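Predicted, not measured: the structure shown is a model, and the values here were computed from it.
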Amino acid sequence: MNYLIGVDVGTTSTKAVLFDEKAQVLDSYKELYQLYRDGNGMAEQNPDDLTAAVEKVIHDAAERAKSLGGQVLAVSFSNANQSVILLDKNHQRLTRAMTWADTRAREVAAKLKATPDGADIYAQTGTPIHPMSPLTKLMWLKQTQPEKMAAAAYVADIKSYLFWKLFGKFRVDISTASCTGFFNMHTQDWDDEILKLTGITRSQLPEIVDGTTKETGLTPAAKQATGLDDETPFVYGAFDGALSNLGVGATRQDTVAITIGTSAAVRVATDHPVVDPEQRLFCYSIDRQRWVVGGPLNNGGDVFQWAANHLVDSSAAKSEDKSVYDVANEVIASVPAGAHGLLFHPFLGGERAPLWDANARGSFFGLNPLHTRADMLRAVMEGICMNIATVYDAVCDLVGKPASVTATGGFARSEVWKQMLADVLDVAVNIPESYESGCLGAVTMTMKSLGMIDDLDAVQDLIGSVGAYQPEQATVRVYQKYLPLFKQVEGLLKPAYSTIARLQQEN
């Protein structure tokens with residue numbers, strides 16, 4: 001028996017999933033690492049800790065394959081996008097990795113977005129002007145750390161750094177490259193004019209390759225760390241959002257994929273680049289023939305976690321031998337839709353789509369003396385869903401209403417949350433039983449690279465059973481009253497976000 005390994009390289013952990021040749025999950029392995037944060041918006045990883053985690057999970061998965069009497073055919077990768085690492089002339093790192101979550105470039109981004117160049121750059125790249133994009137990160141580094149920029153011979157992201165450590169090859173897949181803000185989606189290459197804003201040139205950037213490109217020849221150190229033969233092919237894959245779409249079978253324009261994990265995202269695949277005139281959505285590559293249009297949201301399961309930890313009586317949960325999350329779900333299910341007239345805007349971590357405002361902050365609206373913690377819990381979960389609905393509506397505005405919606409992520413452990421999403425969106429929501437959509441998407445790319453399938457659409461035959469949640473029309477009518485108000489209040493508060501963010505920094 002032969003096996004495939006899909007690796008999902010995330011912000012705080014890396015997971016490897018072992019699949020058989022029919023893409024059935026056999027086992028998974030996970031390693032954690034630190035995300036370094038501060039009050040100024042820093043969010044960095046140590047790339048070497050991440051590399052060690054990747055090697056460890058691959059090693060564990062490979063050992064499992066050996067114990068089953070088989071061999072690993074290939075390894076493939078899904079990865080978080082929009083990271084930046086400065087390297088010296090020997091490809092040794094000068095900095096840690098600025099992750100997608102780093103917002104220190106917010107002032108640089110705001111100034112660029114306000115210029116005519118901002119709209120032109122978005123039209124060429126499909127990347128919204130925002131502090132999380134590598135374009136504005138490099139512009140910020142140029143302004144604030146010129147000595148490091150001057151010393152940098154190369155600029156990497158976590159994918160190109162990882163493949164350099166494993167193979168000594170400085171390359172990146174087209175999907176990850178397309179998220180940088182200086183990749184021209186029309187020419188499918190680095191854009192020299194946009195790069196002038198950063199002070200770097202294409203010679204400092206990794207070579208762009210297809211996601212199905214195979215790399216062989218592990219370095220001796222990587223061979224020992226992974227336990228794999230040095231000729232085992234490693235396939236580049238794509239960024240995690242693109243592969244999540246692929247892994248749930250959302251490969252065509254008639255299916256929207258929604259992910260609600262720590263953060264959230266709404267995405268649809270297209271066969272041509274599509275840009276939003278209002279700059280609410282991104283347009284990134286899956287491969288050279290497909291693009292994914294959508295919006296990432298900073299605030300998903302992490303906001304629910306915050307609410308459960310602060311609004312649920314932990315001693316009561318302990319006495320009932322339940323987690324605070326289980327209690328929160330039970331409480332939410334007991335409160336009627338609309339939370340007795342209470343709205344919550346879940347912008348605890350700033351927000352990307354549709355606001356693209358790192359200064360955005362959370363708020364309850366409509367509080368009165370009759371409201372309880374139970375109402376607040378319900379309002380928090382509804383607020384997360386309504387925020388997703390604003391991005392879903394923007395996607396529908398751009399490409400049309402889909403025939404179906406497929407949702408994945410940790411939220412799928414909550415029955416009340418799955419039903420609520422269907423009710424807020426007023427659409428049937430399909431939930432695959434397997435949560436490993438990113439790794440399955442990566443493995444699907446590997447299967448195409450190895451000639452095991454002819455087209456990525458073959459993923460439809462690899463997906464397991466799917467459950468469906470139909471919208472309940474009585475509840476839908478409630479949310480149809482509240483969602484316009486949610487959007488209205490969002491617009492009213494937007495001008496005040498920068499002021500409250502500044503005051504919070506002062507304290």
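- Closest approach of Ala353 and Gly295 over heavy atoms only: CB-CA, 3.5 Å.
- In this structure, the side chains of Thr251 and Gln460 come closer than 4.5 Å at one or more pairs of heavy atoms.
- Note: Trp140 CH2 to Gln145 CD = 5.0 Å, rounded to the nearest 0.5 Å.
- With sequence neighbours excluded, no residue forms a salt bridge (Lys or Arg N to Asp or Glu O under 4.0 Å) with Arg37.
- Within 6.0 Å of the CZ atom in Arg252, the count of heavy atoms belonging to other residues, nucleotides or ligands does not exceed 12.
- For Gln82 (side chain) and Cys179 (main-chain N/O), a donor-acceptor pair under 3.5 Å exists by modelled atom type.
- Between Ala74 and Thr446, the closest heavy-atom pair is CB-CG2, 3.5 Å.
- Using a 4.5 Å cut-off on side-chain heavy atoms (C-beta onward), Tyr284 and Thr127 make contact.
- Among Val427, Asp254, Asn430, the single residue meeting the side chain to side chain contact (heavy atoms under 4.5 Å, CB included) criterion with Ser404 is Asn430.
- With sequence neighbours excluded, the residues that form a side chain to side chain donor-acceptor pair (under 3.5 Å) with Asp173 are Lys159, Thr176.
- Considering CZ of Phe365 and CG of Leu492, their distance stands at 8.0 Å, rounded to 0.5 Å.
- At distances below 3.5 Å, not a single donor-acceptor pair connects side-chain atoms of Thr198 with backbone N or O atoms of Met139.
- The side-chain heavy atoms of Val57 and Lys15, taken from C-beta on, include no pair separated by under 4.5 Å.
- You'll find the side chain of Tyr392 stays beyond 4.5 Å of the side chain of Val424, heavy atoms only.
- Seen from the ring of Tyr36, Arg96 counts as a face-on cation partner, given the 6.0 Å and 45° thresholds.
- Distance alone, capped at 3.5 Å, is enough to place a donor-acceptor pair between the Thr444 side chain and the Leu440 backbone.
- For CG of Asp454, the number of neighbouring non-hydrogen atoms (other residues, nucleotides, ligands) closer than 6.0 Å is 12 at most.
- No donor-acceptor pair closer than 3.5 Å links the side chain of Asn79 to the backbone N or O of Val9.
- Using a 4.5 Å heavy-atom cutoff, the side chains of Val429 and Ile258 are not in contact.
- Between Asn387 and Val391 the shortest side-chain heavy-atom distance does not fall below 4.5 Å.
- Of the possible polar contacts, one joining the His130 side chain to the Met132 backbone as a donor-acceptor pair under 3.5 Å is found.
- In this structure, CH2 on Trp417 lies 4.0 Å from CD1 on Ile384, to the nearest 0.5 angstrom.
- Checking Asp393 against Thr390 by side-chain atom types alone, no donor-acceptor pair falls below 3.5 Å.
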For this session: Using the side-chain hydrogen bond (donor to acceptor under 3.5 Å, both in side chains) rule, take Asp423 and Gln419 through it: C-alpha gap first, then chi angles, then the decisive distance, then the call.
Result: CA-CA 6 Å; Asp423 294 337; Gln419 185 60 53; 3.0 Å; yes

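- A ring-centre distance under 6.0 Å is not found for Trp164 and Tyr154.
- Salt-bridge formation is not detected for the pair Lys137/Asp102: no Lys NZ or Arg NE/NH1/NH2 atom is positioned less than 4.0 Å from an Asp or Glu carboxylate oxygen.
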Exercise. Run the side-chain contact (heavy atoms from CB on, under 4.5 Å) check on Lys165 and Asp48 step by step: do they pass?
Worked result: CA-CA 9 Å; Lys165 298 290 283 188; Asp48 297 320; 3.9 Å; yes

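- Around the CD atom of Gln188, the shell of radius 6.0 Å holds more than 12 heavy atoms that belong to other residues, nucleotides or ligands.
- Applying the side chain to side chain contact (heavy atoms under 4.5 Å, CB included) test between Ile121 and each of Leu197, Asn184, Asp191 identifies Leu197 as the sole match.
- Nearest heavy-atom pair across Gly249 and Ile463 is N-CD1, 3.3 Å.
- Side-chain contact between Val17 and Val443 is absent, with no heavy-atom pair separated by less than 4.5 Å.
- Using the six-membered ring where Trp is involved, Phe234 and Phe163 have ring planes that are perpendicular, over 60° apart on the 30 and 60° scheme.
- Nearest heavy atoms, Ser78 versus Phe239: OG-C, 4.4 Å.
- When the salt bridge (Lys or Arg N to Asp or Glu O under 4.0 Å) test is applied to Asp276, the partners found at least two apart in sequence or on another chain are Arg280.
- Here the rule is side-chain hydrogen bond (donor to acceptor under 3.5 Å, both in side chains) with Tyr33, and of Thr14, Thr11, Thr12 only Thr14 fits it.
- A salt bridge does not link Glu490 to Lys487: none of the charged side-chain nitrogens sits closer than 4.0 Å to a carboxylate oxygen.
- Surrounding NZ of Lys494 are more than 12 heavy atoms belonging to other residues, nucleotides or ligands, all under 6.0 Å away.
- Not counting sequence neighbours, Asp88 has no partner by the salt bridge (Lys or Arg N to Asp or Glu O under 4.0 Å) test.
- Applying the side-chain hydrogen bond (donor to acceptor under 3.5 Å, both in side chains) definition to pairs two or more places apart or across chains, none involves residues 112-122.
- Here the shortest heavy-atom pairing between Ile431 and Ala407 reads CD1-O, 3.6 Å.
- Listed for the Thr212 side chain is no donor-acceptor partner under 3.5 Å among the backbone atoms of Ser449.
- In terms of the side chain to side chain contact (heavy atoms under 4.5 Å, CB included) criterion, residue partners of Gln204 (sequence neighbours excluded) are, by chain and number, Ile200, Thr201.
- Salt bridge Arg104/Glu44: present, at least one basic N to carboxylate O contact under 4.0 Å.
- No side-chain donor-acceptor contact under 3.5 Å links Ser160 to the backbone of Ala156.
- Between Ile129 and Ala109, the closest heavy-atom pair is CG2-O, 3.5 Å.
- Of the possible donor and acceptor atoms, none in the side chain of Ser83 sits under 3.5 Å from a partner among the backbone N and O of Ala97.
- Note on Arg290 versus Asp455: salt bridge recorded, some NZ/NE/NH1/NH2 to OD/OE distance being below 4.0 Å.
- Annotation: side chain of Arg267 is in contact with side chain of Phe282 (closest heavy-atom distance under 4.5 Å).
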For this session: List the steps and the verdict of side-chain contact (heavy atoms from CB on, under 4.5 Å) for Lys169 and Glu207.
Result: CA-CA 9 Å; Lys169 299 290 182 63; Glu207 176 190 356; over 6 Å; no

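- Side-chain contact check for Glu351 and Asn299: at least one donor-acceptor pair (N or O, by modelled atom type) lies under 3.5 Å.
- With hydrogens and angles disregarded, a donor-acceptor distance shorter than 3.5 Å links the side chain of Thr99 to the backbone of Ala43.
- For Asp38 (side chain) and Asn40 (main-chain N/O), a donor-acceptor pair under 3.5 Å exists by modelled atom type.
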Problem set entry | Worked verdict on Asn359 versus Arg106 for side-chain contact (heavy atoms from CB on, under 4.5 Å) | CA-CA 8 Å; Asn359 292 319; Arg106 52 189 173 270; 4.0 Å; yes

For this session: Under the side-chain contact (heavy atoms from CB on, under 4.5 Å) rule, what do Tyr479 and Leu483 come out as? Steps first, then yes or no, please.
Result: CA-CA 6 Å; Tyr479 290 135; Leu483 187 54; 5.6 Å; no

